[in-house]
Participant: 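Once you've had a glance at the structure underneath, I'll fire off some questions.
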There are 4 protein chains.
Amino acid sequence: MSPRRRDAEGTATARAGRRTELLATAAEVFASRGYAATTVREVADAAGILGGSLYYHFDSKESIVDEILSTFLDDLWARYDEVLGAGLGARETMERLVVESFRSIDRHRAAVVIYQNESRHLSEGPRFAYLRESWDRFERMWGELLDRGIKENAFRSDLDVPLVYRFLRDTVWVAASWYRPGGRLTADEVAERYLGMVLEGIRAPKG
Amino acid sequence: MSPRRRDAEGTATARAGRRTELLATAAEVFASRGYAATTVREVADAAGILGGSLYYHFDSKESIVDEILSTFLDDLWARYDEVLGAGLGARETMERLVVESFRSIDRHRAAVVIYQNESRHLSEGPRFAYLRESWDRFERMWGELLDRGIKENAFRSDLDVPLVYRFLRDTVWVAASWYRPGGRLTADEVAERYLGMVLEGIRAPKG
Amino acid sequence: MSPRRRDAEGTATARAGRRTELLATAAEVFASRGYAATTVREVADAAGILGGSLYYHFDSKESIVDEILSTFLDDLWARYDEVLGAGLGARETMERLVVESFRSIDRHRAAVVIYQNESRHLSEGPRFAYLRESWDRFERMWGELLDRGIKENAFRSDLDVPLVYRFLRDTVWVAASWYRPGGRLTADEVAERYLGMVLEGIRAPKG
Amino acid sequence: MSPRRRDAEGTATARAGRRTELLATAAEVFASRGYAATTVREVADAAGILGGSLYYHFDSKESIVDEILSTFLDDLWARYDEVLGAGLGARETMERLVVESFRSIDRHRAAVVIYQNESRHLSEGPRFAYLRESWDRFERMWGELLDRGIKENAFRSDLDVPLVYRFLRDTVWVAASWYRPGGRLTADEVAERYLGMVLEGIRAPKG
DNA sequence: AATGAATGAGTCTTCATTCAT
DNA sequence: TATGAATGAAGACTCATTCAT
């Protein structure tokens, strides 16, 4: 690699790095104060620059959340698609989807919190059509998986699928509101315990 | 009872009725658009009056959410306290708490949504100390209940109590985001299925 | 007329009156400082209210110019249409159009100045399509009138119609930049002298 | 001439050339969007550089218009002064002034548009005193010329001089708003037709 | 009880300008 | 010469709140 090339890459990387940095900062602030209640100035303060300076990097407050959420969802669906394409049985698929979900909470905690709290309101605008689409794919994915699991005798046959889908969906994501990377449990450990609870129930086995 | 008094009471009742009406309207709007993102004017529009007119009934936007949330929590804890005071076993206590929770979603859907979405942010202000208190009572209540249930051999002894507490807590309340009174299932039916899932798990029983 | 009705009308009139007042003030300020260079605050100052208060009456700065210009053009075309519908000869039609133009400068001086200075820029937005339409009608009107006048032998046959059209068009409206209602000459007097100049030329008659 | 000197001159010339280029670009943009409504960034975009880079060449946005307008006016008055110093009769003087005016529109179209649209507002600042002076010289020049023409029996004796002055003044310059160098008519042809109209009028000669 | 008009602080955003590189 | 990142003042607009009627 010539020095020239290294330089050019260095600059491009630096630029992308600054963006990523600002997005991470913004995500943190949006997650903790709420998107609507957060002022652009607060985001800028947290980034150590002035309010107006953010607009050198981003078009608008909205485009900031947009980028935060779409980055998260792109990453998430890439992992999900890998799992779904692996040709596994329903229960193993479900287990791995749950693991990937908790891992994505680990990587994108702030984004997940925003997704959880704001996507319902944001998805009304045309700019956020992808949120609705993601939502729908989610619903289809879990619905089909539960149905398949029942057929494969992996899940109980008396499940109320739409209801279970809702609980699984929400239950995974709300974890973002309390999970702290580097805390007592790793993402994989949380996933394991969560699966234990969901699959086996919490009642003591009859003796 | 003199006619005078009846009049006075009639007026007072009418006034209280109007208040309740306005609170219900406001709760609905706050729930669907988010508290911070909702303008006083939107609430007033939904109530068919002008923005300024709301201030005849309430001191401020904040005092409106305040009243919505405290009404809901007062009612909720009254029911919880009844259950807790009944001297039941851990599992039955848990079952009845879940049932009361879903019933309260049925009665206060909008308030629960607001509680779910905004209480973290709101509870920072001094006016909303009761939200933090309620949160703490919640945590203690479930923690003690789970511990007791394990001792009583009602729940599996290998539960990760803090984790299970979090899942139970969130899992119940997020139901407010999709539950519609008068829908396919009554609150009690949802509670029953939910309990089935949580207690027994979703995995098909072996052999 | 009952007192009730008088009251209602009084209120409606007062409301419309306030709007008209604010529009007149805004037009004056836009005309003297230029639309883009005028701040909403300057308009509000001139009206004796605060900047934000203007938004009780109008949606945006743009909607203010919009209303100023469309009011002026509606009035202008109503008068033009009367003249055009009167079945007069080309020269008399032209004379009366010029008179009506100067009269409209008298009634809508500020609006005409704005129209003159800003319509080119404004008409690019979709909201101001009517400016382009008015412009086109103008062009057609004068083109046809000049052609007809030449056929009727009212105007010289060697006129370069597109060129003359342009001069007539601009020449009339720029008068708004110096005409002051209540000055040395009335609108009708200016029109008369203007017509003398345009029709007969300024060169001394030979012989 | 040493190579060194040639180089230095070459560089100086190149620099001056870049300046001129940028000024032409800026003039075009100011003319089409309006000075106040044009951002420095738009000018830079049109020149293919970044916003901040303009400040290597110019002190401020204001100094750019300043240079555009003063260049134009210097050139214009140099030509006018030649005509005025030639000792011609009033009518020939007037004809040649008009010709020079249209020629200057040909050479400085964008500058003339800016002059026409913005000089009233700009001339309020101290930096643009020369605009007011030019305006005054203009007025005196035309006033004296018309008076002299009447005395010399070149123009009709019943002219309303202040009025005719205004029409001549504006009428010539507004041509900049539609004239396109290289169009159907050359500047001299437009001048000729314009003079025909102004001198002889547009009415068909009697009998 | 409610209206209509206004307030004034604050929000998002723009933009001329600066400056290290 | 030009770039990229930032500044900071100002601009349009919003909105909770007030108050005379």
Side-chain angles (χ1 to χ4, degrees), chain A residues 7 11-12 14-15 18-19 21-22 36-44 47-64, chain B residues 11 14-15 18-19 21-22 35-44 47-64, chain C residues 7 11-12 14-15 18-19 22 36-44 47-64, chain D residues 11 14-15 18-19 22 35-44 47-64:
Chain A
D7 267 27
T11 307
R15 201 167 313 170
R18 186 68 175 125
R19 248 189 117 73
E21 223 174 275
L22 291 172
T38 299
T39 71
V40 167
R41 206 181 160 265
E42 284 167 339
V43 173
I49 57 179
L50 290 180
S53 304
L54 271 180
Y55 288 82
Y56 178 77
H57 302 277
F58 304 99
D59 284 345
S60 63
K61 186 186 176 188
E62 208 187 46
S63 82
I64 297 177
Chain B
T11 307
R15 197 168 308 171
R18 185 69 175 126
R19 246 188 118 72
E21 226 174 273
L22 290 171
Y35 171 70
T38 299
T39 71
V40 168
R41 210 183 159 263
E42 284 167 339
V43 173
I49 58 179
L50 288 184
S53 305
L54 270 180
Y55 287 81
Y56 178 80
H57 302 277
F58 304 98
D59 284 346
S60 63
K61 186 186 176 187
E62 209 185 43
S63 80
I64 298 176
Chain C
D7 268 26
T11 307
R15 200 168 312 170
R18 186 69 176 125
R19 250 190 115 74
L22 291 171
T38 298
T39 70
V40 167
R41 210 184 156 262
E42 284 168 339
V43 173
I49 58 180
L50 289 180
S53 304
L54 270 179
Y55 289 81
Y56 178 77
H57 301 277
F58 303 98
D59 283 345
S60 63
K61 187 186 174 188
E62 208 186 46
S63 83
I64 298 177
Chain D
T11 307
R15 197 169 306 172
R18 186 69 175 125
R19 247 189 118 71
L22 291 171
Y35 171 71
T38 298
T39 72
V40 167
R41 210 182 159 263
E42 283 167 339
V43 173
I49 58 179
L50 287 185
S53 306
L54 270 180
Y55 287 80
Y56 178 80
H57 301 278
F58 303 99
D59 284 347
S60 64
K61 186 186 177 188
E62 210 187 43
S63 82
I64 298 177

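Below, all heavy atoms of this structure are taken into account, side chains as well, without hydrogens, waters or symmetry copies. Order of the sequence lines sets the chain letters (A, B, ...), proteins ahead of strands, with each chain counted from 1.
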Participant: May I ask you to test the Y55(D)-V40(D) pair for a side-chain heavy-atom distance under 4.5 Å?
Facilitator: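 Counting from C-beta outward, Y55(D) and V40(D) do come under 4.5 Å.
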Participant: Check F58(C) against S63(C) and note the closest heavy-atom contact, atom names and distance.
Facilitator: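 Where F58(C) meets S63(C) most closely, the heavy atoms are CB-OG, 3.8 Å.
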Participant: Take atom CG of L54(C) and atom P of dA5(E), then tell me their distance rounded to the nearest Å.
Facilitator: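 Going from L54(C) (CG) to dA5(E) (P), I get 13 Å.
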Participant: When the distance from CD1 of I64(C) to P of dC13(F) is rounded to whole Å, what number comes out?
Facilitator: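 Going from CD1 in I64(C) over to P in dC13(F) covers 8 Å.
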Participant: Report yes if a side-chain nitrogen or oxygen of R18(D) is closer than 4.0 Å to either non-bridging phosphate oxygen (OP1 or OP2) of dA2(F); otherwise report no.
Facilitator: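 Indeed, a polar side-chain atom of R18(D) lies that close.
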Participant: Which heavy atom of R18(B) sits nearest to which heavy atom of H57(B), and what is that distance?
Facilitator: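 Residues R18(B) and H57(B), closest heavy atoms: CG-CE1, 3.7 Å.
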Participant: Without decimals, in angstroms, what is the distance between E62(C) CD and dG11(F) P?
Facilitator: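 In whole Å, dG11(F) P and E62(C) CD are 18 Å from each other.
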Participant: Does the structure show a Watson-Crick or G-U wobble partner for dA20(E), both distances under 3.5 Å? Name it, or say none.
Facilitator: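 The answer is dT3(F), by the H-bond criterion.
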Participant: Nearest whole Å is fine: how far is dC15(E) P from Y35(D) OH?
Facilitator: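 Rounded to whole Å, this separation is 14 Å.
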Participant: Rounding to an integer number of Å, can you tell me how far R41(D) CZ sits from dA5(F) C1'?
Facilitator: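 Taking CZ of R41(D) and C1' of dA5(F), I get 13 Å after rounding.
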Participant: If you only use heavy atoms from C-beta on, which nucleotide in dA2(F), dA16(F), dT13(E) is closest to the side chain of V40(A)?
Facilitator: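 Closest nucleotide to the V40(A) side chain: dT13(E).
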Participant: Name the nucleic acid region contacted by S63(D), choosing base, sugar-phosphate or nothing; use a 4.0 angstrom heavy-atom cut-off, strictly under.
Facilitator: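 Counting heavy atoms under 4.0 Å across all strands, no contact is made by S63(D).
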Participant: Are K61(D) and Y35(D) in a cation-pi setup, meaning NZ or CZ lies under 6.0 angstrom from the ring centre and within 45 degrees of the ring axis?
Facilitator: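 Yes, a cation-pi geometry holds between K61(D) and Y35(D).
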Participant: Does a nitrogen or oxygen in the side chain of Y56(C) sit under 4.0 Å from OP1 or OP2 of dA6(E)?
Facilitator: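 Negative; the distance criterion is not met.
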Participant: Take the protein atom CG of L22(D) and the nucleotide atom P of dA2(F), then report the distance between them rounded to whole Å.
Facilitator: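 Going from L22(D) (CG) to dA2(F) (P), I get 7 Å.
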Participant: Give me the atom names and distance for the closest heavy-atom approach of A47(B) to L22(B).
Facilitator: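 Here A47(B) and L22(B) meet closest at CB-CD2, 3.6 Å.
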Participant: Go nucleotide by nucleotide along DNA chain F from the 5' end; which of A37(B) and D59(B) gets its closest nucleotide reached first?
Facilitator: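 Nearest-nucleotide comparison on DNA chain F picks A37(B).
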Participant: Please check the phosphate of dA2(E) (OP1 and OP2 only) for any side-chain N or O of H57(B) closer than 4.0 Å.
Facilitator: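 H57(B) to dA2(E) OP1/OP2: side-chain N or O found under 4.0 Å.
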Participant: Do the side-chain N or O atoms of S53(B) get closer than 4.0 angstrom to the phosphate oxygens (OP1, OP2) of dT3(E)?
Facilitator: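 Affirmative; the distance criterion is met.
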Participant: Write down the distance between OH (Y55(B)) and C1' (dA2(E)), rounded to a whole number of angstrom.
Facilitator: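 Atom-to-atom, Y55(B) to dA2(E), this comes out as 15 Å.
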Participant: In terms of side-chain heavy atoms of K61(A), which of dT13(E), dT17(F), dC13(F) is nearest?
Facilitator: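 The answer is dT13(E), which lies nearest to the side chain.
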Participant: Heavy atoms from C-beta onward define the side chain here; which of dT17(E), dA6(F), dT13(E) lies closest to that of S60(A)?
Facilitator: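 Of dT17(E), dA6(F), dT13(E), dT13(E) is nearest to the side chain of S60(A).
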Participant: Mind calculating the distance between CD1 (I49(D)) and P (dA16(E)) to the nearest angstrom?
Facilitator: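 It is 14 Å, rounded to the nearest whole Å.
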Participant: For G52(D) and for T39(B), locate the closest nucleotide of DNA chain F by heavy-atom distance; then report the residue assigned to the nucleotide nearer the 5' terminus.
Facilitator: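 The residue whose closest nucleotide sits nearer the 5' end is G52(D).
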Participant: When the nearest nucleotide of DNA chain E is assigned to A36(A) and to G51(C) on a heavy-atom basis, which residue is associated with the more 5' position?
Facilitator: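 Here G51(C) is the residue nearer the 5' end.
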